[in-house]
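Side chains included, hydrogens not; waters and symmetry mates left out as well; all remaining heavy atoms used. Each ligand, and each atom within it, is numbered from 1 in the order the structure gives. Since we're looking at a predicted model, the values are computed, not measured.
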Amino acid sequence: MVAALDIQVTKIERSKLRDIDLGNLPFGKYFTDHMLEAEYENGKWTNVEIKPYQPLVLEPSLAALHYGQAIFEGIKAYKDQNGEAFIFRPFDNFRRFNISAHRMNMPQVPEEIFMEGMRRLVALDKNWIPGKADHSLYIRPFMFSTDTMLGVRPSDKYKFLIILSPAGPYFPKPMNICVEERYTRAAPGGVGFAKNAGNYGGSMLAATEAQKQGYDQVLWTDAAEHKWLQEVGMMNVFFIINDIAITPSLEEETILNGVTRNSVITLLNEMGIAVEERRISIDEVIQAHQAGKFREVFGTGTAATIAMIQKLKYKDYVMEFSEKDWTLSNSVKQKLNAIRQGSAPDQHNWLFRV
Ligand code: COI
């Protein structure tokens, strides 16, 4: 539990929920009735408020719009069979949020604002949590700089907000992926491990070019040689080779320390599957494919959970993966979903009761 916090709450007069079909939801399109907003000024967080979801009034000179001090998180809330609401591993996202804040030279958000603010907001909009499989309430905490000035320096003022979006699956179908050899997502010493807005903005051209060739996303490679694999689109990536799960390690700080990545590693270990967190090159992947030892590859992230990959292309070499071989990925996904929806025991204390 976190300390009591003085939050001013203003409730909506009429819920928008009756206008929305919670059984048929695209990802991230609808927002619930309320949002949380807090302000940072003179070295302190103030004005913590839950209020009706509404537009922000911002000046054109807002520093975040020009110099990109902007970070976010993605977290999910579920309902169990008894209608109780749970948030999945929110403390991990809270810690990562402040790691991102540090890297982007932004203030730390205190635990009571992040956690207790989120808990009260989700409790208030609890009826928005969809009950359908593969659906959830996606929680989006974010912070951006709010000084109004054009000098390049860290802002003195910031806003922290949390908005909620009832959401269906991010990738309803298995993905086609091509290995990126021109653009770079992250390099050592950069901001690849932080969840800052610019990482996502910088990835869009590569994704659009991949889509023009019939692929959904790219598999990012290292900046120096374009051969060491990093992330797939905006997700961590796992390769199942010879019944071993291999995922790029966090050491170089070029990839996100994914909460779903960590959950999948834990569950794979419990299933008796060896997991190697290490460097993995596209050459190793291709050799394993040619030897018939590489049958499953998937992305992990909060939004997508586990996203299967059906086609992976590197130069002219195309690897196709058949759904009937996706045994490990499907079983880890089922285990994770069962814990998140309360139908399997929560042995790791991953669920935070709202
Ligand atoms: C998440 O999985 O939460 C992400 O970061 C993806 C998001 C940008 C939609």
Side-chain angles (χ1 to χ4, degrees), residues 25-32 64 68 70-78 87-101 103-104 114 118 122 129-130 134-144 161-175 177 185-186 191-208 210-211 216-220 230-238 247-248 250 253-265 298-309 329 332-333 336-337 340 350 352:
L25 290 169
F27 180 87
K29 180 160 179 209
Y30 301 109
F31 299 94
T32 67
I71 61 169
F72 70 94
E73 268 304 327
I75 308 172
K76 279 179 172 173
Y78 300 85
I87 306 176
F88 187 72
R89 302 190 68 173
F91 286 96
D92 296 83
N93 295 86
F94 162 66
R95 283 188 284 272
R96 188 173 68 185
F97 189 81
N98 277 335
I99 290 170
S100 301
R103 179 62 184 87
M104 298 304 289
F114 192 102
M118 181 193 317
V122 172
I129 303 178
D134 274 341
H135 287 53
S136 61
L137 186 67
Y138 184 79
I139 305 171
R140 171 54 65 89
F142 60 108
M143 170 165 57
F144 57 91
L161 290 99
I162 306 179
I163 55 175
L164 308 175
S165 174
Y170 197 92
F171 295 111
K173 290 199 309 255
M175 294 188 300
I177 299 294
R185 178 187 171 277
V191 293
F193 66 94
K195 212 160 167 67
N196 64 304
N199 279 344
Y200 296 79
S203 75
M204 288 183 192
L205 182 59
T208 300
Q211 281 152 18
D216 298 299
Q217 259 297 355
V218 302
L219 178 55
W220 292 105
Q230 293 182 337
E231 291 192 3
V232 60
M234 58 225 167
M235 292 179 288
N236 296 120
V237 62
F238 284 75
T247 190
L250 305 174
E253 299 196 328
T254 50
I255 65 174
L256 196 74
N257 183 359
V259 178
T260 311
R261 174 187 183 275
N262 180 275
S263 309
V264 165
I265 291 174
F298 55 91
T300 65
T302 301
T305 309
I306 292 184
M308 310 303 187
I309 295 172
S329 37
V332 82
K333 183 175 185 175
L336 190 54
N337 281 343
R340 299 203 300 186
W350 283 343
F352 173 79

Chemist: Can you pull every nitrogen or oxygen pair between ligand 1 and the protein closer than 3.5 angstrom?
Modeler:
residue: ligand 1; atom: 2 (O); partner: Thr302; partner atom: N; Å: 3.0
residue: ligand 1; atom: 2 (O); partner: Ala303; partner atom: N; Å: 2.7
residue: ligand 1; atom: 3 (O); partner: Tyr138; partner atom: OH; Å: 2.7
residue: ligand 1; atom: 5 (O); partner: Lys195; partner atom: NZ; Å: 2.3

Chemist: Assess whether side-chain contact (heavy atoms from CB on, under 4.5 Å) is satisfied between Leu256 and Arg96, documenting all intermediate values.
Modeler: CA-CA 9 Å; Leu256 196 74; Arg96 188 173 68 185; 3.4 Å; yes
Chemist: Taking only residues two or more places apart in sequence or in another chain, which ones pass ring-ring contact (aromatic ring centres under 6.0 Å, His included) with Phe114?
Modeler: Phe94, Phe97, Phe160
Chemist: Please identify each residue that fulfils side-chain contact (heavy atoms from CB on, under 4.5 Å) with Ile99, with sequence neighbours left out.
Modeler: Phe193
Chemist: Quick one: closest heavy-atom pair of Tyr170 and Ala304, and the distance?
Modeler: CB-CA, 3.9 Å
Chemist: Tell me whether Arg340 forms a cation-pi arrangement with Phe88, defined as NZ or CZ under 6.0 Å from the six-membered ring centre and within 45 degrees of its axis.
Modeler: yes
Chemist: Apply ring-ring contact (aromatic ring centres under 6.0 Å, His included) to Phe171 and list each qualifying residue two or more places apart in sequence or on a separate chain.
Modeler: none
